[in-house]
Protein chains: 2
Amino acid sequence: MTKPARTSGFSPRNPRRTRERILSAALQEFALNGFAGARVDAIAQRAAINKRMLYHYFGNKERLFREVLRLKMVQRQAWAETLSGDPAESLSFWFEAACKDADWVRLLEWEALQNTDRRLIDKKNRRAATARGLERIRQRQARGLISSELDPRHVMLTMRSLTMFPAAFPQLTQLIMGRPVSDPRFQRERAAFLKKFAAAFHPLKHELPSKPMAQSKDT
Amino acid sequence: MTKPARTSGFSPRNPRRTRERILSAALQEFALNGFAGARVDAIAQRAAINKRMLYHYFGNKERLFREVLRLKMVQRQAWAETLSGDPAESLSFWFEAACKDADWVRLLEWEALQNTDRRLIDKKNRRAATARGLERIRQRQARGLISSELDPRHVMLTMRSLTMFPAAFPQLTQLIMGRPVSDPRFQRERAAFLKKFAAAFHPLKHELPSKPMAQSKDT
DNA sequence: CTTCCAAGTAACTTGGTGGTTACTTATTAC
DNA sequence: GTAATAAGTAACCACCAAGTTACTTGGAAG
């Protein structure tokens with residue numbers, strides 16, 4: 001602990017920056033080509049570092065992949081928690097997020113395909129995040145924003161389906177909608193549709209909120 | 001054209017059978033590992049044929065992949081057309097189909113990931129099939145099974161999302177539902193949920209079918 | 001100054017993988 | 001029967017990509 005260890009500047013040595021460059025390049029390569037398709041040399045080149053450093057910092061290709069995935073997961077969760085409100089807003093919001101962060105969706109997709117009975121990466125953390133998500137749904141049910149007749153787990157699965165699918169299957173979306181997923185017109189149109197469609201989650205008229213205004217520590 | 005060319009039997013030469021064995025083995029390998037991950041030797045071994053024959057019949061790995069994809073596509077379309085009726089039935093039916101035919105979903109997923117701005121395989125055919133699907137939705141709208149206020153394209157995209165997502169993202173489904181997608185209890189439960197949820201597509205009471213009973217050449 | 005280790009580089013090894021060569025054998029057309 | 005072609009085999013090869021070896025250099029601590 002001598003100097004504040006400036007991380008910027010043009011020092012020829014800069015471990016932090018190198019590590020970050022590798023991670024960022026790896027994210028792009030893995031999102032683009034998946035684990036099997038990604039080339040370590042390509043990552044090194046993209047990061048403008050020597051390939052050897054990649055092994056220095058991460059051991060091997062798979063450990064790097066896991067780290068990339070874990071990191072993205074953490075980032076996502078961080079700002080996932082900040083959101084709440086009624087399904088109409090969440091749906092369109094998450095849909096747009098999925099469209100914007102294609103890397104994220106693609107990583108999950110690669111994970112799904114790779115995960116032939118393998119253990120889940122960062123399991124503990126994700127379990128906790130999911131549990132928190134379910135709890136937030138229950139709170140919305142209590143507040144009468146979502147029908148209490150729907151199982152929170154199914155609500156969550158349904159919402160994920162609706163928001164992620166187009167970004168996950170751009171070729172099918174293009175086929176059906178006649179526009180690429182990246183087209184802003186599609187995104188606006190779909191967001192509008194989801195806002196309408198969110199009514200499916202609302203309570204029916206005859207339903208009364210079970211706890212009209214329980215403790216709402218939700219944002 | 002001399003003999004009826006018996007395709008069964010133990011003749012040492014059997015082109016048809018060889019071709020089919022390769023395709024079937026390739027389907028499994030590609031569904032499991034994707035294009036980049038699949039090993040030509042593994043396909044040959046699985047098919048119990050000499051690797052050379054694979055090149056004999058299909059030229060190269062990519063052409064084989066495209067053929068596998070095209071074939072699955074055709075098979076799917078064939079019995080896709082046979083179905084109709086109200087969303088409650090279609091949704092749960094297609095959901096179960098997706099769970100049962102994981103290879104199909106996985107292939108689409110690999111395609112989605114691989115398809116970085118590449119041209120779509122079997123485009124023409126799939127366009128036509130999609131158009132027919134949209135037409136069937138319009139017929140159901142005319143018959144009052146689906147709300148006419150919903151854009152058929154969005155209806156289709158939504159249905160696909162709901163039915164394919166769990167099979168496409170088994171790890172997320174497991175995380176949310178606490179059961180593997182393959183678990184029959186999950187499948188039954190989800191099918192039941194979708195039947196209820198299908199109400200979202202139904203017309204509201206105030207809506208009246210625009211063409212109460214137009215020509216319904218739909219099955 | 002010099003010691004020591006982390007950061008960094010270039011060239012190499014090794015194994016696997018898509019694709020080929022050179023060949024044999026069955027089937028069919030005439 | 002036999003020529004021609006399609007079906008099939010084994011061994012091979014060139015290349016590519018993950019991971020290593022052996023080395024140099026910067027910088028902080030004493």
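To find a chain, count down the sequence lines: A is the first, B the second, and so on, and within it residues start at 1.
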Trainee: Is the B:F30 ring parallel, tilted or perpendicular to the B:F65 ring (thresholds 30°, 60°)?
Mentor: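 If you compare the ring of B:F30 with that of B:F65, the planes turn out perpendicular.
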Trainee: Any luck finding a side-chain donor-acceptor pair between A:S92 and A:R190 under 3.5 Å?
Mentor: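 Not at all, the side chains of A:S92 and A:R190 share no donor-acceptor pair under 3.5 Å.
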Trainee: Answer yes or no: are there more than 12 heavy-atom neighbours, outside B:R132 itself, under 6.0 Å from its atom CZ?
Mentor: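 Correct, the count exceeds 12.
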Trainee: Is B:R66 salt-bridged to B:D122, going by a charged N under 4.0 Å from an acidic O?
Mentor: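 Salt bridge: no.
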Trainee: Please give me every residue in residues 54-62 of chain A whose heavy atoms get under 4.0 Å of an atom in DNA chain D, ordered by residue number.
Mentor: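 Going residue by residue through residues 54-62 of chain A, the ones with a heavy atom under 4.0 Å of DNA chain D turn out to be A:Y55, A:N60, A:K61.
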Trainee: Other residues, nucleotides and ligands only: do more than 12 of their heavy atoms fall within 6.0 Å of CD on A:Q45?
Mentor: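 No, CD of A:Q45 has 12 or fewer neighbouring heavy atoms, counting only those of other groups under 6.0 Å.
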Trainee: Decide salt bridge (charged side-chain N to carboxylate O under 4.0 Å, His left out) for B:R39 and B:E29; before the verdict, give the C-alpha distance in whole Å, the side-chain angles of both, and the deciding distance to 0.1 Å.
Mentor: CA-CA 8 Å; B:R39 300 288 156 234; B:E29 279 290 318; over 6 Å; no
Trainee: In this structure, which one of A:R126, A:K123, A:K72 forms a salt bridge (charged side-chain N to carboxylate O under 4.0 Å, His left out) with A:E111?
Mentor: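 Answer to the salt bridge (charged side-chain N to carboxylate O under 4.0 Å, His left out) test with A:E111 among A:R126, A:K123, A:K72: A:R126.
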Trainee: May I ask you to list the residues of residues 28-45 of chain B, by number, that have any heavy atom positioned under 4.0 Å from an atom of DNA chain D?
Mentor: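 Residues of residues 28-45 of chain B that come under 4.0 Å of DNA chain D do not exist, since none gets that close.
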Trainee: If I take atom CZ in residue A:R19 and atom P in nucleotide C:dA6, what distance separates them, rounded to the nearest angstrom?
Mentor: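 Rounded to the whole Å, the gap is 15 Å.
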Trainee: Is it true that the side chains of B:R46 and B:S24 contain a donor and an acceptor less than 3.5 Å apart?
Mentor: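 No, B:S24 and B:R46 have no side-chain donor paired with an acceptor closer than 3.5 Å.
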Trainee: If you define the side chain from C-beta out and look only at heavy atoms, does anything of A:V181 sit under 4.5 Å from A:F169?
Mentor: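 Not touching, per the 4.5 Å side-chain cut-off.
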Trainee: Any side-chain N or O of A:T18 below 4.0 angstrom from OP1/OP2 of C:dA7?
Mentor: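 No, no such contact exists.
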Trainee: Taking B:A38's backbone N and O only, do any of them form a donor-acceptor pair with B:K61's side chain (distance below 3.5 Å, no angle check)?
Mentor: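 Yes, the answer is positive, given that a donor and an acceptor are paired below the 3.5 Å cut-off.
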Trainee: Calculate the interatomic distance between A:R63 atom CZ and D:dA18 atom P; express it in whole Å.
Mentor: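 Distance, rounded to whole Å: 16 Å.
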Trainee: Between the protein and nucleotides 9-13 of chain C, list every N/O to N/O distance that falls short of 3.5 Å.
Mentor:
| unit_1 | atom_1 | unit_2 | atom_2 | d |
| --- | --- | --- | --- | --- |
| C:dT9 | OP2 | A:N50 | N | 3.4 |
| C:dA10 | N7 | A:N50 | ND2 | 3.4 |

